[in-house]
Amino acid sequence: MIRLFLLLFSLFSVLIFSQDSTYYQRAVSALEIGDTSSAKDLLKLSIRWEKIDSAHYWLAKMYSKTNSANLLNSGRRHLYDGIKMNPTNIDYRLLMADMHKKAFKINIFDREALSKAEHQYYEILEIDNDFEEAHFELAKLHERGYYEYDNSMIADFDLFVERNNRGFYNRQLLEESLNKFVKDIYKSNSFASISMEEKADDMFNKAVNHFSNTIRINSNNFDAYYK
């Protein structure tokens with residue numbers, strides 16, 4: 001009887017030890033003491049052998065702190081796999097949106113990065129339509145879009161005036177230039193400036209809507225009031 005008890009106790013101890021010694025658990029323990037190098041290796045082993053979605057998340061979170069475009073892209077690929085495994089995890093999608101925005105800061109020519117961030121925030125609202133941060137971040141993205149389109153219209157007009165009036169700005173010349181500018185728009189087949197105005201209006205309305213939703217959810221969000 002004693003031998004049987006000792007054998008069962010031994011087997012139970014082995015099981016407990018093996019559960020606490022998974023690659024993922026060891027990676028978490030390494031992160032807790034700041035051993036990021038070991039944590040990174042253990043998380044990669046966890047992804048390979050244990051198929052844990054949060055291993056992708058923690059690895060991506062580590063890569064998100066870098067200013068290297070290649071490492072950031074590697075982190076986004078890991079997080080994409082984590083989201084596929086757990087698509088309703090809002091923390092995963094928030095991190096992905098942040099990484100997309102950081103990718104744009106690193107490379108301003110990566111215009112798709114902001115659209116991808118916007119997509120993640122809308123996906124979050126599909127999960128929880130009252131998620132304050134998603135509304136607020138979308139509002140700021142649309143605000144940015146509004147000013148970009150609005151400034152594009154102003155820049156186009158300023159360039160037209162400068163080219164056609166050699167920079168001599170006075171009221172009469174401005175009015176004449178404006179009239180000709182508008183007529184040329186309506187004669188044009190592209191209607192590029194009208195399209196920019198419509199896009200600016202669309203961005204404006206979306207920004208206001210999401211700022212309003214932010215305030216509806218949290219009446220103490222004074223940044224949303226200010227915006």
Side-chain angles (χ1 to χ4, degrees), residues 47 51-153 191-192 194-227:
I47 288 168
K51 313 299 182 185
I52 298 176
D53 56 277
S54 52
H56 287 286
Y57 169 76
W58 286 111
L59 193 57
K61 198 171 182 68
M62 295 173 70
Y63 284 130
S64 72
K65 302 181 187 302
T66 182
N67 287 319
S68 165
N70 289 334
L71 290 177
L72 193 64
N73 288 337
S74 179
R76 288 194 287 179
R77 286 192 294 271
H78 275 293
L79 194 52
Y80 177 74
D81 289 337
I83 289 173
K84 282 199 301 184
M85 296 169 70
N86 190 353
T88 60
N89 190 304
I90 289 178
D91 287 336
Y92 293 6
R93 293 189 178 276
L94 284 175
L95 178 59
M96 181 67 92
D98 285 342
M99 293 179 77
H100 286 320
K101 289 188 291 186
K102 187 167 187 177
F104 176 73
K105 288 182 180 179
I106 293 174
N107 178 14
I108 61 173
F109 297 104
D110 186 4
R111 300 296 299 181
E112 289 187 359
L114 291 183
S115 297
K116 290 176 180 177
E118 180 183 321
H119 172 73
Q120 289 301 322
Y121 291 128
Y122 277 119
E123 287 294 314
I124 290 171
L125 293 181
E126 287 292 322
I127 300 166
D128 180 1
N129 190 50
D130 287 333
F131 198 81
E132 178 188 350
E133 185 176 348
H135 279 293
F136 190 56
E137 292 300 324
L138 278 171
K140 291 191 290 185
L141 285 173
H142 291 313
E143 177 194 27
R144 177 192 180 94
Y146 164 73
Y147 283 120
E148 283 184 351
Y149 286 118
D150 194 50
N151 290 335
S152 294
M153 288 186 290
F191 289 92
I194 292 176
S195 176
M196 281 190 290
E197 184 177 0
E198 290 175 347
K199 289 178 179 179
D201 287 343
D202 182 51
M203 293 293 104
F204 180 88
N205 291 330
K206 286 180 178 178
V208 169
N209 178 60
H210 286 294
F211 280 132
S212 298
N213 276 320
T214 303
I215 294 167
R216 172 182 60 81
I217 296 164
N218 178 12
S219 60
N220 292 321
N221 191 320
F222 297 108
D223 288 335
Y225 282 112
Y226 175 79
K227 290 288 188 179

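Values below: every heavy atom of this structure, side chains too, minus hydrogens, waters and symmetry copies.
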_Nearest 0.5 angstrom please: Asn213 CG to Asn218 CG, how far?_
12.5 Å

_Can a side-chain donor-acceptor contact be found between Asp53 and Tyr92 if the only test is distance below 3.5 angstrom?_
yes

*Kindly compute the distance separating CG (Leu95) from NE2 (His56), expressed to the nearest 0.5 Å.*
13.5 Å

*Just wondering, more than 12 heavy atoms not from Phe104 lying within 6.0 Å of its CZ?*
yes

*Does atom OH of Tyr225 have more than 12 heavy-atom neighbours, drawn from other residues, nucleotides or ligands, at distances under 6.0 Å?*
yes

*Value rounded to 0.5 Å, distance of CZ in Phe136 from CG in Asp223*: 4.5 Å

*asked:* With a 3.5 Å distance limit and no angle check, can you tell me whether Lys102 reaches the backbone of Thr66 through a side-chain donor-acceptor pair?
replied: yes

*Spatial distance of atom CZ (Arg216) from atom CG (Asn221) [nearest 0.5 Å]*: 12.5 Å

*For the residue pair Tyr63 and His78, does the interplanar ring angle fall in the parallel (under 30°), tilted (30 to 60°) or perpendicular (over 60°) class?*
parallel

*Should the pair Lys140-Glu137 be classified as a salt bridge under the 4.0 Å nitrogen-to-oxygen rule?*
yes

*Does Pro87 offer a backbone N or O that forms a donor-acceptor pair with the side chain of Arg93 under 3.5 Å?*
yes

*Ignoring hydrogens and geometry, is there a side-chain-to-backbone donor-acceptor pair from His135 to Tyr121 under 3.5 Å?*
no

*Under 3.5 Å donor-acceptor, Ser74 side chain and Asn70 backbone*: no

*Without swapping roles, check the side chain of Ser212 against the backbone of Val208 for a donor-acceptor pair under 3.5 Å.*
yes

*side chain to side chain donor-acceptor pair (under 3.5 Å) with His100: which of Lys116, Glu118, Arg76, Gln120?*
Arg76

*Measuring from Leu59:CG to Ile47:CD1, what's the distance to the nearest 0.5 Å?*
5.0 Å

*Between Lys206 and Asp202, does at least one N-O distance fall below 4.0 Å, as a salt bridge requires?*
yes

*Got a donor-acceptor contact below 3.5 angstrom from the Asn209 side chain to the Asn205 backbone?*
no

